[in-house]
Each structure stands twice: as C-alpha cells, then as structure tokens.
Amino acid sequence: MSRIFNFSAGPSMLPVEVLEIAKQELLDWQGSGMSVMEMSHRGKQFMAIAETLKNDLIELMAIPANYKVLFLQGGASAQFALIPQNILNGQHKASYVNTGAWSTSAIKEASKYCQVQIVASAEASGFTTIPALNDWHIDSDTAYLHYTSNETIHGVEFSDIPDSGAIPLVCDMSSNILSREFDVSRYGLIYAGTQKNMGPAGVTVVIVREDLVGLAAANVPAVFDYAQQAKGDSMLNTPATYNWYLLGLVLQWLKKQGGVAAIEQRNINKAKKLYRAIDDSNLYRNPVDVAYRSRMNVPFVLADAALDKEFLQLAEKQGLGSLPGHRSVGGMRASIYNAMPEAGIDALIEFMVEFERTH
Ligand SMILES: Cc1ncc(COP(=O)(O)O)c(C=O)c1O
C-alpha cells in the first residue's frame, strides 16, 4: 500500500488511523454482524454512534448548553440559502462581509431572500486581506452579520472573531472548524461542511443558539427548518449514517491528539514552516497579507508560470498530490488541514527547495 500526501482542499486527507478503524469495522461493527452502512438509523447501535458523535463535538468545541447541534445535508451551499430562511425572523436585511469566493456565494444566495448590506469587502485587493474591523459599519436594522472565517480558495483567514455587538454573528467555518479554538458563545450560528477538517463529504454541521431556532417562516420545508431538525435529532429524513460514523471516528482521533488546543499548536507550526519556506525563496510567492494568511490553505505562485505544469507533474511523482490552485485563481494551493502530518509539510518543502535549485 502506498499513500500520498494529499493537499486537496476538500474532500481531503483523512487520518490513516481513522481509515484503518473503518476498514476493520467495515463488515462487522463491534460484533453487531453488520456494517454501519446497513444499520437502521433508528436502531440502538446507530443511536449510540449518533449520541457519541454529538457529545464529542460538544466536548471538543466546548459548545454551551443553549446551542443546538445539527447534522444536516446539502453542504454549506444549502446553508447559504437556509440561514436567511431560518433566522431573518420577518426582518428584511442581513449584513455580510465579503472576503472571497465563498462569502460572495453566500451573499448571492442570501440576496434571494433579503436585502444584503455589504459591511466590508476585500474585493478591491483581489481578496488578499481582511478589511480592518474598526472600519465596518453594521446597520442596526439587520437580522445578523455573516462572515467566512477562512476563505478556502484565496487562503485568507480571520485571526480574531469579529465583534457584532448584540447582532447575531453567523459564520461559515467550513474550512477551519476544529483547526483552532473558537469561543462558540460569541456566535449565533456556526456552519460547516465536513469534507475538510472533519470527515468525508455528505454532512453539514450547524451549531445554532436556541433563540435563533424556531423562527423559520411557515413555508420553509420541514427538513430545512432548524427547529424541526433539532426536535427530530437531525433525523427528520434518513441521515447520511455512514458519514456520521466516519465523522465520529475523526472526532475520536482528534480527542486522542489532545483536542483542538493541541491540534491548533500543530497547525500553527505546520503553517509557519511552509510560509517561511515560501518567503525565503526567490521562486515562490504567497500574495496574502501576512496578518491574515490562512493556516489551512496556502496558495502560492511561481515567479515563472511557465514552470507550473512541470512543478505539478514532478510533485505528483513524488507523492505530493492535489497541489493545483482553485481553477478560478490558478497557481498552487497546499491545503494542510488537521489530518496533514508534519512529515507532509517537510516533504513538500524539501521538494520545493529542490525544484527551485534545479530551475
Ligand atoms: C468556506 C467554504 N464555504 C462553503 C463551501 C461550499 O461547501 P459545500 O460544497 O459543502 O456546499 C466551501 C467548499 O469548499 C468552502 O470552502
């Protein structure tokens, strides 16, 4: 068996220990005589898996008791539309910060349901920075303030949680959830697709403060209504059972690593090493404002774009996979989520140094 270092932005690398457990338990989960895939979601075995999953997430993120934790479908993209439908609560305006492609998508969807106030935008910079927080003006007649804590495509990450005062703060945390500590009590709602830092694709985590639950308009379909999903333990329809199980295994792995604080330290070290290698070279460049460089997604360009193809081909041959940048921006991008070991960063740096030396 040979496994590559997979720098994909998502779906992305999973801890090998998790895959080993899934392999061992594939045909017979803990003496049940069946695969988790084959279990009824109402049966006692799966109910135990679901309960452990939820409790582990609550523990890892220190989620306060006044929050509901939902495991839904449709990805973060569905939430772009479901958040306004669930929490506008009859108001006509919502505020958004535009820091990149994913904020832009969230804004586009929300605009179908309400007037969107753009509080701040980094578009003029080519999405290479975060607009200074004290320049933000948030209208008082707004239902919530939305931001994207890490822009996966541009490699731009908030270093702090913005202060929205009494206005509920809503965050797309898809690409940095569980990678660093977040004070959940600062948020009205957090959502994230699981396919980057949490497990395979197919589950969307929504963590929502209780006062924002039960506000959906009457015409919102039941499966999209947070209150009904919360009441039904996210099982209003048949959940993505096997993905819940895999997500649970990743959370147990994370607990064994020492939890979020410990993995955050490792993520800081990994990112530091890679940015230093980029900054120390004459061939590679990262365009992002140093204060807002992402610890999770590290985009970089080569001084001579004509070398891109060869760089990627040789990297692939060395077992360094999925390094092309997003199709909308080009260049390279190394996504280095929780499951990327430090050895993967070292191997990438070693390759980059050697490529520069020979080119
Ligand atoms: C920050 C962010 N938000 C939203 C999305 C969209 O997620 P999904 O494909 O789960 O709808 C992504 C996907 O890469 C993302 O990185």
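Atoms within a ligand are numbered from 1 in the order they appear, just like the ligands themselves.
- For ligand 1, the polar-atom distance check finds an N/O of D172 within less than 3.5 Å of one of the ligand's N/O atoms.
- Contact atoms of ligand 1 toward F80: 4 (C) (distance under 4.0 Å to a heavy atom of the residue).
- Residue contacts with ligand 1 include Q195, since one of its heavy atoms falls under 4.0 Å from the ligand.
- D346 has a carboxylate O that lies under 4.0 Å from a charged side-chain N of K273, or vice versa, which qualifies the two as a salt bridge.
- Contact check for Q252 versus D56: side-chain heavy atoms found under the 4.5 Å cut-off.
- When L133, V97, I130, V119 are each tested for a side chain to side chain contact (heavy atoms under 4.5 Å, CB included) with P162, only one passes: L133.
- In terms of protein heavy atoms, atom 6 (C) of ligand 1 is closest to W102 CZ3, 3.4 Å.
- Of the protein's heavy atoms, K196 NZ, 2.7 Å lies nearest to atom 14 (O) of ligand 1.
- With ligand atoms numbered from 1 in the order given, ligand 1 contributes 1 (C) to contacts under 4.0 Å with heavy atoms of N150.
- For the side chain to side chain donor-acceptor pair (under 3.5 Å) condition, the pairs that include at least one residue of residues 218-230, sequence neighbours left out, are Q79-Y226, D225-Q228.
- Heavy atoms of other residues, nucleotides or ligands lying less than 6.0 angstrom from CD of E350 number 12 at most.
- Between A76 and ligand 1, at least one pair of N/O atoms sits closer than 3.5 Å.
- Checked by atom type and distance alone, the side chain of W253 never pairs as donor or acceptor with a backbone atom of A339 at under 3.5 Å.
- Polar contact check, T152 against ligand 1: a nitrogen or oxygen pair lies under 3.5 Å apart.
- Each of Y96, W102, Y187 was compared with H146 under the ring pair (Phe, Tyr, Trp, His ring centres under 6.0 Å) criterion, and only Y96 meets it.
- When each atom of ligand 1 is checked for a heavy atom of G75 under 4.0 Å away, the hits are 10 (O), 11 (O).
- Between S77 and ligand 1, a contact under 3.5 Å exists for at least one N or O pair.
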